[in-house]
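Remember, it's 1-based here, ligands and their atoms both numbered in the order they're listed.
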Amino acid sequence: MNKQIKQTDLEMIQGDITKAQVDAIVNAANSELIGGGGVDGAIRRAGGDAIEGACAEIRRREGGCPTGKAVITPGGNLHAKYVIHTVGPVWEGGNSGEAELLASCYKESLRLAVENNIQSIAFPSISTGIYGYPTEQAAVVALTAVKELVLQSNTVPATIQFILFDEATHACYVDALLTVF
Ligand code: AR6
């Protein structure tokens, strides 16, 4: 299912983000930027050593990436030229600022995309796997954050995809699209 916000196409797709034909894909990373499981493991396997090399450099320079922030590396062997690594919050019940931190992940990733002249970007469902964020709530936070940033900004990518791995997650994002728009 697709929606248009100003000049941006917002697309909900079920699939594997490592196959995305976009300028940048977003990774649900950890703050140490050390390879993990889930989408992070899949992206690193598909992208190869260039991703870990660039993450190691960021670790040396900046110590990692705080929750709610984002950093950028090359995409290595991926079709995508870049990977934007963002660190979602671990779900602790909802009263520890999780929604603000999750919204920040999407906004910071889009800001980095604009800075790097990225025209098309794909997001996974950040925090809803190993980090345990309830998917229905995460989907509303994610789409609200993207909508706000697109409406506020003069420059945004022409295409923003959400690539959701499983059918249940995809269904939550389609529902959220109808709620938020
Ligand atoms: N394409 C798209 N989505 C995927 C893919 C894929 N190839 N593989 C998994 N997903 P998770 P988190 C979905 O656990 O909750 C790592 O160890 C998955 O089904 O990857 O933010 C990091 O290093 C789920 O819907 O990320 C961190 O330590 C979504 O991606 C930690 O996990 C997010 O699940 C981050 O946990």
Derivation and outcome, side-chain contact (heavy atoms from CB on, under 4.5 Å), residues Cys65 and Thr86: CA-CA 8 Å; Cys65 178; Thr86 189; 5.9 Å; no
Considering heavy atoms of the protein only, find what lies nearest to [atom] and give residue, atom and distance to 0.1 Å.
atom: atom 21 (O) of ligand 1; result: Ser127 N, 2.8 Å
atom: atom 18 (C) of ligand 1; result: Phe165 CB, 4.5 Å
atom: atom 1 (N) of ligand 1; result: Ile17 N, 2.9 Å
atom: atom 9 (C) of ligand 1; result: Val39 N, 3.6 Å

Just wondering, do Leu102 and Ile126 contact through their side chains at under 4.5 Å, heavy atoms?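 Yes, their side chains come closer than 4.5 Å.
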Please tell me if the side chains of Ser125 and Phe162 come closer than 4.5 Å, counting only heavy atoms from C-beta onward.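 No - every pair of side-chain heavy atoms lies 4.5 Å or more apart.
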Any nitrogen or oxygen of [X], main chain or side chain, under 3.5 Å from a nitrogen or oxygen of ligand 1?
X: Leu164; result: no
X: Gly37; result: yes
X: Thr18; result: no
X: Ile130; result: yes

I'd like to know whether Gln161 forms a side-chain contact (heavy atoms from CB on, under 4.5 Å) with Ile121, so could you lay out the CA-CA distance, the side-chain angles of the two residues, the decisive distance to 0.1 Å, and finally the verdict. CA-CA 6 Å; Gln161 299 181 340; Ile121 183 168; over 6 Å; no
Hey, does Gly15 sit under 4.0 Å from ligand 1 if you only count heavy atoms?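 It does, in that a heavy atom of Gly15 comes within the 4.0 Å cut-off of ligand 1.
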For Gly88, is the nearest heavy atom under 4.0 Å from an atom of ligand 1?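 No, Gly88 has no heavy atoms under 4.0 Å from ligand 1.
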Which bit of Ile163 is near ligand 1, meaning a heavy atom under 4.0 Å away: side chain, backbone, both or neither?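 Near ligand 1, Ile163 shows its backbone, while the atoms from C-beta on stay back.
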Please find the pair of heavy atoms, one from Asp40 and one from Ala29, that lie closest to each other, and give the distance.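 Between these two residues, the closest heavy atoms are OD2-CA, 4.2 Å.
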Closest to [atom] (judged by heavy-atom distance), picking from [options]:
atom: atom 34 (O) of ligand 1; options: Gly35, Ala122, Gly41, Gly129; answer: Gly129
atom: atom 27 (C) of ligand 1; options: Tyr131, Phe123, Tyr173, Trp91; answer: Tyr131
atom: atom 22 (C) of ligand 1; options: Gly38, Ala28, Ala46; answer: Ala28

Considering only heavy atoms of [X], which atoms of ligand 1 have at least one such atom less than 4.0 Å away?
X: Ser125; result: 29 (C), 33 (C)
X: Asp16; result: 1 (N), 6 (C), 7 (N)
X: Gly36; result: 17 (O), 23 (O)
X: Asp40; result: 22 (C), 23 (O)
X: Thr128; result: 15 (O), 24 (C), 25 (O)

Distance check, rounded to the nearest 0.5 Å: Thr8 atom OG1 versus Leu151 atom CG?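 Here the interatomic distance stands at 9.0 Å.
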Using 0.5 Å steps for rounding, measure from the OH atom of Tyr173 to the CE atom of Met12.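 Separation between the atoms: 8.5 Å.
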SB check Glu52 Arg59 (cutoff 4.0 Å):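 The answer is yes: the pair qualifies as a salt bridge.
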Of Leu110, Val156, Ile72, Leu112, the residue whose pairing with Ile118 passes side-chain contact (heavy atoms from CB on, under 4.5 Å):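 By the side-chain contact (heavy atoms from CB on, under 4.5 Å) criterion, Ile118 pairs with just one of Leu110, Val156, Ile72, Leu112: Ile72.
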Verdict with supporting geometry, Leu10 and Val150, side-chain contact (heavy atoms from CB on, under 4.5 Å): CA-CA 10 Å; Leu10 184 58; Val150 171; over 6 Å; no
State whether the side chain of Gln119 and the backbone N or O of Thr159 hold a donor-acceptor pair below 3.5 Å, judged by distance alone.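 Answer holds: no.
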Check whether Ser109 reaches the backbone of Cys105 with its side chain - one donor and one acceptor, N or O, closer than 3.5 Å.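 Side chain of Ser109 to backbone of Cys105, a donor-acceptor pair under 3.5 Å: yes, one is there.
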